[in-house]
Amino acid sequence: MTSFSDNLLGWYDHHQRSLPWRSDDPNPYYVWLSEIMLQQTTVKTVIPYFLKFIETWPTLQDLATSSLDDVLVAWQGLGYYSRARNLHKCSQQLISKHAGQFPKDEKQLLQLPGIGPYTAAAIRSIAYDQPAAAVDGNVIRVLARYCALTEPRPQLDKKVRERLVAFLPDKKCGDFTQAMMELGALVCRPKSPDCEACPLQGHCRSVNDPESLPTASIKKKLPTRYAVAYLVQREDGAILLRKRDEKGMLGGMMEVPTTPWLDQKPGPNVVKSHAPLEVVGWEVLEGYVKHTFSHFHFHIHVNRIQVSDQSDHHQAVWVQRENLHQKALPTVMKKVISFGLEKVK
DNA sequence: TGTCCACGTCT
DNA sequence: AAGACGTGGAC
């Protein structure tokens with residue numbers, strides 16, 4: 001009887017996608033970079049970012065000697081910006097503490113910033129062909145269905161890891177890890193799985209209703225927060241931006257100055273006291289920008305003003321429109337800027 | 001429209 | 001250990 005891994009690996013040989021980080025002789029730098037980018041992010045989204053990164057920083061050494069700001073600019077739009085901060089920090093630690101090589105040992109990998117249990121196992125298996133159990137959302141779905149595991153999270157996670165360990169082959173470990181995720185992405189999809197095309201058909205224990213697994217977790221309603229953004233345009237078209245604190249949300253990214261982000265629309269006193277310029281004549285734009293983050297909805301009203309003032313502003317910089325792309329702007333701030341600039345008086 | 005993908009890591 | 005932390009695309 002053919003084993004689980006033989007069936008899976010046989011399928012993977014013929015059906016794997018050609019992806020920029022895949023190779024018969026994997027580059028650990030590529031494996032790590034792609035795995036960090038692929039956390040919570042789809043392959044299609046990641047590809048252009050990955051290509052830009054390896055073009056700009058062909059080696060780990062190149063990345064380690066770059067500036068965090070440059071990395072954040074290249075990462076802008078990908079989201080979860082702590083990944084970029086940790087990526088940069090990790091590259092430097094690898095150079096300073098590990099002679100520029102990824103450790104092969106799980107404990108040591110887990111010490112590195114941005115590398116948790118999933119990514120450590122992915123690196124060990126894909127880059128170094130070790131039998132390590134990389135459990136991501138795809139693997140949870142595939143094995144919850146294959147083994148008919150009905151328990152809710154987080155108990156399910158433990159069960160899946162046990163099953164996966166039992167299925168691990170002793171060679172082609174990297175292919176096995178990638179094949180599990182490839183199967184989840186292409187065949188054992190969240191919605192309308194293609195069971196006819198599955199190399200594990202005949203052994204799967206949830207043929208009748210695969211879509212019902214894994215058990216959905218309870219979603220909480222997202223709260224809404226509010227702010228007023230101040231779009232300050234100089235006569236030559238430059239816009240006033242400031243840098244966010246390195247810690248916390250959108251850490252180290254640039255932003256249009258705003259009031260604090262509150263549970264209610266800020267009142268006139270808050271709007272007045274947080275304005276970056278003590279001038280009269282603010283234009284209150286009609287409507288507002290909507291954006292949804294991982295954990296709240298965000299409504300941003302925009303107040304606009306034109307100034308002739310050439311002076312510097314505390315902790316803020318003037319940026320010409322054509323230079324905006326050189327700044328690390330999160331998507332929400334790109335929305336605010338285009339809203340503010342396109343809105344006619 | 002709103003929900004889901006989306007366990008991934010850090011705190 | 002539960003919440004923080006982005007984004008865009010599929011449906």
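In what follows, every chain begins at residue 1, and chains take the letters A, B, ... in the order their sequences are listed. Computed from a prediction, not measured in an experiment: that's the story for all the values here.
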- Query: When the distance from CG of Leu222(A) to C1' of dG6(C) is rounded to whole Å, what number comes out?
  - Reply: 12 Å
- Note on the structure: Winner on side-chain proximity to Asn86(A), out of dT7(C), dG6(C), dC10(B), is dC10(B)
- For atom CD of Gln40(A) and atom P of dT9(B), their distance in whole Å: 9 Å
- Query: If you check every side-chain atom of Pro330(A), which of dC10(B), dC4(B), dT7(C) has the closest atom?
  - Reply: dT7(C)
- When you get a sec, tell me which of dC7(B), dT7(C), dC5(B) is the closest nucleotide to the side chain of Phe293(A)? dT7(C)
- Message: Check the phosphate of dA6(B) against Arg141(A), side-chain N and O only, distance under 4.0 Å to OP1 or OP2. Yes or no?
- Response: yes
- May I have the distance from Leu112(A) (atom CG) to dT9(B) (atom C1'), rounded to whole angstrom? 13 Å
- Item | Counter-base of dA6(B), judged by Watson-Crick or G-U geometry with both distances under 3.5 Å | none
- Look at all strands and tell whether Leu78(A) reaches a base, only sugar-phosphate, or nothing, counting heavy atoms closer than 4.0 Å. base
- Message: For a quick check of understanding: with a heavy-atom distance under 4.0 Å over all strands, which category does Gly251(A) fall into, base, sugar-phosphate or nothing?
- Response: nothing
- Task: May I ask you to verify if any side-chain N or O of His295(A) is less than 4.0 angstrom from the OP1 or OP2 atom of dC5(C)?
- Result: yes
- Message: Please confirm whether the shortest side-chain N or O distance from Thr331(A) to OP1 or OP2 of dT7(C) is below 4.0 Å.
- Response: yes
- Message: Does Glu246(A), at its CD atom, have more than 12 non-hydrogen atoms belonging to other residues, nucleotides or ligands within less than 6.0 Å?
- Response: yes
- Message: Measure CH2/Trp261(A) against C1'/dA4(C) and give the value in whole Å, please.
- Response: 13 Å
- Message: Mind checking if Tyr118(A) touches a base, just sugar-phosphate, or nothing, with heavy atoms under 4.0 Å?
- Response: sugar-phosphate
- Query: Does a salt bridge link Arg242(A) with Glu255(A), judged by any charged N lying under 4.0 Å from a carboxylate O?
  - Reply: yes
- Message: Side chains of Gln178(A) and Arg22(A): any donor to acceptor distance under 3.5 Å?
- Response: yes
- Query: More 5' along DNA chain C: Thr292(A) or Lys191(A), using each one's nearest nucleotide?
  - Reply: Thr292(A)
- Gap between atoms NZ and C1', on Lys44(A) and dA10(C) respectively (whole Å): 11 Å
- Message: So that I can tick it off, tell me whether Arg234(A) and Asp236(A) are bridged by a salt bridge, with the cut-off set at under 4.0 angstrom between side-chain N and carboxylate O.
- Response: yes
- Message: Checking contacts here: which listed nucleotide (dC4(B), dG6(C), dT9(B)) is nearest the side-chain heavy atoms of Pro117(A)?
- Response: dT9(B)
- Query: Do Tyr288(A) and Tyr226(A) make the cut of ring centroids closer than 6.0 angstrom?
  - Reply: no
- Message: Determine whether the aromatic ring centres of residues Phe50(A) and Tyr30(A) are separated by less than 6.0 angstrom.
- Response: yes
- Query: In whole Å, what is the span from the NZ atom of Lys290(A) to the P atom of dG8(C)?
  - Reply: 16 Å
- Item | Whichever of Thr41(A) and Ala120(A) has its nearest DNA chain B nucleotide further upstream toward 5' | Thr41(A)
- Quote, to the nearest angstrom, the P distance that separates dA6(B) from dG2(B). 22 Å
- Message: Can you check the distance between dT11(B) and dG6(C), where both ends of the measurement are the P atom (answer in whole Å)?
- Response: 13 Å
- Please determine if a side-chain N or O atom of Tyr80(A) lies less than 4.0 Å away from the OP1 or OP2 oxygen of dA4(C). no
- Query: Trp75(A) CH2 to dC5(C) P: how many Å, rounded?
  - Reply: 17 Å
- Is the His291(A) to Phe298(A) ring centre distance short of 6.0 Å? no
- For Thr119(A), which contact category applies under a 4.0 Å heavy-atom criterion: base, sugar-phosphate, or nothing? sugar-phosphate
- Task: Check every strand shown and say whether Lys334(A) touches a base, only sugar-phosphate, or nothing at a heavy-atom separation below 4.0 Å.
- Result: nothing
- Query: Rounded to whole angstrom units, what separation is found between the CE atom of Met37(A) and the C1' atom of dT9(B)?
  - Reply: 17 Å
- Does OP1 or OP2 of dG3(C) have a side-chain N or O of Lys220(A) closer than 4.0 Å? yes
- Taking the side chain of Asp157(A) as heavy atoms from C-beta outward, which of dT7(C), dC5(B), dC7(B) is closest to it? dC7(B)
